[in-house]
Each structure stands twice: as structure tokens, then as C-alpha cells.
Number of protein chains: 2
Amino acid sequence: MEKGKISQDRIVTAATQLFYTQGYNQTSVSDIASEIGITKGNLHYHFRSKDELLEAVINHRLHYITDSLEQWDKEFPEPKARLKRFVKMVLNQESEIMRYGCPMGSLNVELGKCQDSLRNKARAMFDEFANWLEKVFKQMGHKDSKTLSKHLLSMAQGAALMSYVYADGKLLKRELKEIEKWIDSLAQK
Amino acid sequence: MEKGKISQDRIVTAATQLFYTQGYNQTSVSDIASEIGITKGNLHYHFRSKDELLEAVINHRLHYITDSLEQWDKEFPEPKARLKRFVKMVLNQESEIMRYGCPMGSLNVELGKCQDSLRNKARAMFDEFANWLEKVFKQMGHKDSKTLSKHLLSMAQGAALMSYVYADGKLLKRELKEIEKWIDSLAQK
DNA sequence: GACATTCTAGTACGATCGTCCTAGTATTGC
DNA sequence: GCAATACTAGGACGATCGTACTAGAATGTC
């Protein structure tokens, strides 16, 4: 549609990548601008502040998450298959997680020590997954679906963090396999 | 002893706290200096660079970890009691973890995206725990002690991260209880 | 084809940061 | 008591950052 959206999307895409690989505080607006070959002043026209750009980046991630979850719902009617699809998503990102950590987890860790507004924004990504997982566990007939949802996220985050710290892909695979065993052991309906 | 050590210790103590609560990159040397009522120039005399100060902070943490582990070895001859002491340590830090995350985990996440030398330094804290846990699992007669060690750390890190993101102390307690159940279920000798 | 809007480039500003220099003050060893 | 050392205070430096301003180019509309 509008031409403007193209530049804006390019900025958000580049910022998403750089915020992930370098961290939010370690990435300057000049870094983002030069990454896509525009000037700082131009970027400022599209996003008046770095915070505003971060918000766009988080929204970009949120939309991607929402779309993925919707897709999974369509593809997998079975609750356990849905849970395993979640685990598979983590596995698919193995090399990125090893090098840069979990994009959701590390951003939350970094922004948690900034202003509260950013902290809440970043947490929304977790909520997206947490609510979806909760729904799945409820579908399986579990009363403590909230607890189970957070438990699964907790295990996945721990696995991602450890494999990042040790740059160890095998560690991630091992831990994810443990999570799958846990899923298998769950009662259903 | 030497008078000098007093100032240096005060600097390292303040830096340790501020790096933890605000993050390394979000803490300026002025912050640290003014925290203990000295000037930037004075701090520069003791630590010629921020990196040098960070190294001192990490060494400070490393010594504290080493001392704790030695203490635990003395207090608890039973391997499972040692593992549970580790879990208890996490529980004891509940309020800090809720507000600032795991001091070891969040520092590793932040420094991982900086220079490699800092990354390796930060990882040494994990190694301290990992090697100790490995020793304990070996003591229990487990061949896969390395895997179990990382698995326990992984679960603990996941719990800390999630309780931090959601500022939820109950979540941490619940996850730690799950870890204790896992410890109880382990075969011994 | 003229006009309004949208976009872009380049630059400048104020603030903050890590680092360093200098000069003076305390402390120590002999 | 004196010289050498260790420490402190305060400020200056270059660099970098986020943000803002201005003028011109591109684009779309009627």
C-alpha cells in the first residue's frame, strides 16, 4: 500500500535484529540507520524516539507470535501436539539462541532494569505464550493450567539461557527432550 | 591491613550492588563513585577502567560462591542435602530475584552481547556451581553428572527468570518445590 | 503542470559517558 | 622529621549518544 510503510518496515526489521543480537542499550539509532543505508535524521522522521522504535519492535514480535499461535491452532487439534509444536519452535531457533539467547527472555532481562513501561511491554510477549499454553492445558482438562503454563515457559527459558551461556546446542536439545518427556507424562482429559 | 583495601572494597561492594540492580551498561562510574561519596577521579585511581572494575566485581562474586560451596560441603555430608542447600540459596534470595533477577544469570545475559573476554569471565560463575553440582551428582553415583548438573542449573535459572519477569515470588517457590521433588526422585549410590 | 504531502539528507545541539591529568593531602617507612 | 608512596578532589578531554531543526527531493493528487 503506502510507500511509507516500506521504509518503516525496513527500520523495524533492522531494529528487531540489532536489538536482539546486540541488545537494546548497546544498539544506537545510528547503528540501525546505517544498517539499512539511511541517515539518523531520516529515521527520526519515522520514529521520534528510540523508545517509540522499541515499542514498534515489540509490537512486531507480538504480531509474529500471535500469527504463529493461530497457525498452530489450525494445524494441530491435539493439545499435546500443540505443546510439542511450541517446543519445536525453540529447537528451530537453536543456532540463534546459542549465539544471542532467547529473543524474548533476553529482552525482558535487559528492559526489566529500565523504566516500568518498557518492562510491561516486553512482558506482553511472555503473556502471549502463557495465555496460549494455559488454554492448551485447560483443553487437556488440567485445573492448574496457569501453573503448568508458567512451568513449561520456565523450563524452556532455563534451557535457552543455559545453552546461550555455554554456547552449547546439545545442551538445548537435551533439555528440550526432557520437556517433551514431561509433556508425554501429562494426563489428558 | 592496608588502608587502601578499605576503599577498594567499598568500591567493589557498591559496584556489585549497582551492576546487579541497574545492569552493567546502565550503571556509570559516576553512579558508583557518588554512591560511596567519592569522586570519579578517585575511583579511576583504584580501577583504571570500568572493565577492570567489572572484573573485580566478578572475582568478588566468585570468591563468595567458592566460600559458600566450601561451607556447604562442611555442613552437609549427604549429597541430596547439598543439592537442597543449593535450592535453598535461591529461595533465600527470593525478594532480590523478583526485583532484579538472578545476579549470575542476568549478568551473563547482559555481558554475553559484549566482548568475549567479559562473557568468559561471567560464565566462570556458572562454572563454579556447575562443577560443584557435578561433583555432588558423581558422589551419588550418577554417570551423567555433567548433564544433571546443567539440568539443575537450567531449571533454577528458568525459575528465577520467570519469577523476575512476572515479579512473582510464589512462582519461584512453586518451581523450586518442583526442583526439590526432582531431587527426591533421584537414585542415590 | 502546479501544489501539498511525504520523505530524505545533513548537520547541530545538549547531555552523558569513560578516561585521564594535575595538584594537593594523607600516610608510611626509615 | 623527611622523603617516598598512596590517596583524594576536581575538572578537562574527546567521543558518542538521542534528539531536533532545516532545506531540498520525491511522490501523489487534482
Side-chain angles (χ1 to χ4, degrees), chain A residues 1-58 107 110-111 113-119 121-122, chain B residues 1-58 107 110-111 113-119 121-122:
Chain A
M1 279 302 142
E2 311 138 72
K3 168 71 162 33
K5 287 289 171 191
I6 294 175
S7 275
Q8 226 153 333
D9 282 353
R10 285 179 65 215
I11 294 171
V12 171
T13 302
T16 301
Q17 184 66 15
L18 286 174
F19 287 169
Y20 176 39
T21 57
Q22 306 184 356
Y24 175 71
N25 292 295
Q26 288 80 19
T27 302
S28 69
V29 294
S30 303
D31 286 341
I32 300 162
S34 70
E35 175 73 22
I36 55 178
I38 64 172
T39 60
K40 254 200 308 187
N42 189 359
L43 199 154
H44 182 261
Y45 171 78
H46 292 285
F47 299 94
R48 279 192 301 267
S49 74
K50 199 183 172 187
D51 280 12
E52 194 178 315
L53 176 53
L54 173 65
E55 199 171 327
V57 165
I58 294 181
L107 193 61
E110 192 177 2
L111 296 182
K113 299 183 177 181
C114 294
Q115 317 138 16
D116 276 355
S117 63
L118 296 182
R119 179 173 183 151
K121 261 279 163 193
Chain B
M1 283 298 145
E2 310 135 72
K3 169 70 161 34
K5 286 290 170 190
I6 294 176
S7 274
Q8 273 200 338
D9 282 353
R10 285 179 65 215
I11 294 171
V12 171
T13 302
T16 301
Q17 184 67 14
L18 287 175
F19 286 169
Y20 176 38
T21 57
Q22 306 185 356
Y24 175 71
N25 291 294
Q26 288 79 18
T27 301
S28 69
V29 294
S30 304
D31 287 340
I32 300 162
S34 69
E35 174 73 22
I36 54 178
I38 65 172
T39 60
K40 251 198 315 184
N42 190 359
L43 199 154
H44 181 263
Y45 171 79
H46 293 286
F47 299 95
R48 279 191 300 268
S49 74
K50 199 182 172 187
D51 280 12
E52 195 178 315
L53 177 53
L54 173 64
E55 199 171 326
V57 165
I58 294 181
L107 193 61
E110 192 177 0
L111 296 181
K113 298 183 178 181
C114 295
Q115 318 138 16
D116 276 355
S117 62
L118 297 182
R119 178 172 184 152
K121 262 277 164 194

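Small disclaimer: the values here were computed from a predicted structure and weren't measured. Heavy atoms only: backbone and side chains are in, while hydrogens, waters and symmetry mates are out.
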Note to self: Just so I know, are the side chains of B:Leu111 and B:Leu54 near enough to count as touching, which here means a heavy-atom distance under 4.5 Å?
What the structure shows: yes
A:Phe19 CZ to D:dG18 C1', in whole Å, measures 12 Å
Expected string for nucleotides 10-19 of chain C under the B/S/- scheme (protein heavy atoms, under 4.0 Å, primed atoms plus P, OP1, OP2 as sugar-phosphate) is B-B----SBB
Atom CD1 of A:Ile11 and atom P of C:dA9 are separated, to the nearest Å, by 10 Å
Applying side chain to side chain donor-acceptor pair (under 3.5 Å) to A:Gln26 and not counting sequence neighbours gives B:Asn25
By side-chain contact (heavy atoms from CB on, under 4.5 Å), A:Ser34 pairs with (sequence neighbours left out) none
Using residues 14-21 of chain B as the side-chain source, report each donor-acceptor pair under 3.5 Å to any protein atom, sequence neighbours left out, with the distance given to one decimal.
from	atom 1	to	atom 2	distance (Å)
B:Thr16	OG1	B:Val12	O	2.6
B:Tyr20	OH	B:Glu96	O	3.2
B:Tyr20	OH	B:Gly101	O	2.6
B:Thr21	OG1	B:Gln17	O	3.1

Worksheet item: Looking at B:His46, does any N or O in its side chain come under 4.0 Å of the phosphate oxygens OP1/OP2 on D:dA6?
Response: no
Quiz item: Can you check whether B:Tyr45 has a side-chain N or O nearer than 4.0 Å to OP1 or OP2 of D:dC7?
Solution: yes
Hits for side chain to side chain donor-acceptor pair (under 3.5 Å) against B:Lys50, two or more places apart or cross-chain, chain-then-number order -> none
In whole angstroms, the gap separating C1' of C:dC21 from CG of B:Leu43 amounts to 16 Å
Rounded to 10°, the angle between the first-five-pair and last-five-pair axes of the helix from C:dG1-D:dC30 to C:dC30-D:dG1 is 20°
For A:Ser30, the side-chain contact (heavy atoms from CB on, under 4.5 Å) test, sequence neighbours excluded, returns A:Ser28, A:Lys40
| message | Between A:Leu107 and A:Val57, is there a side-chain heavy-atom distance shorter than 4.5 Å? | response | no
To the nearest angstrom, the CG-P distance between A:Leu54 and D:dG18 comes to 12 Å
Sorted by chain and residue number, the side-chain contact (heavy atoms from CB on, under 4.5 Å) partners of B:Ser49 (sequence neighbours excluded) come out as B:Asp51, B:Glu52
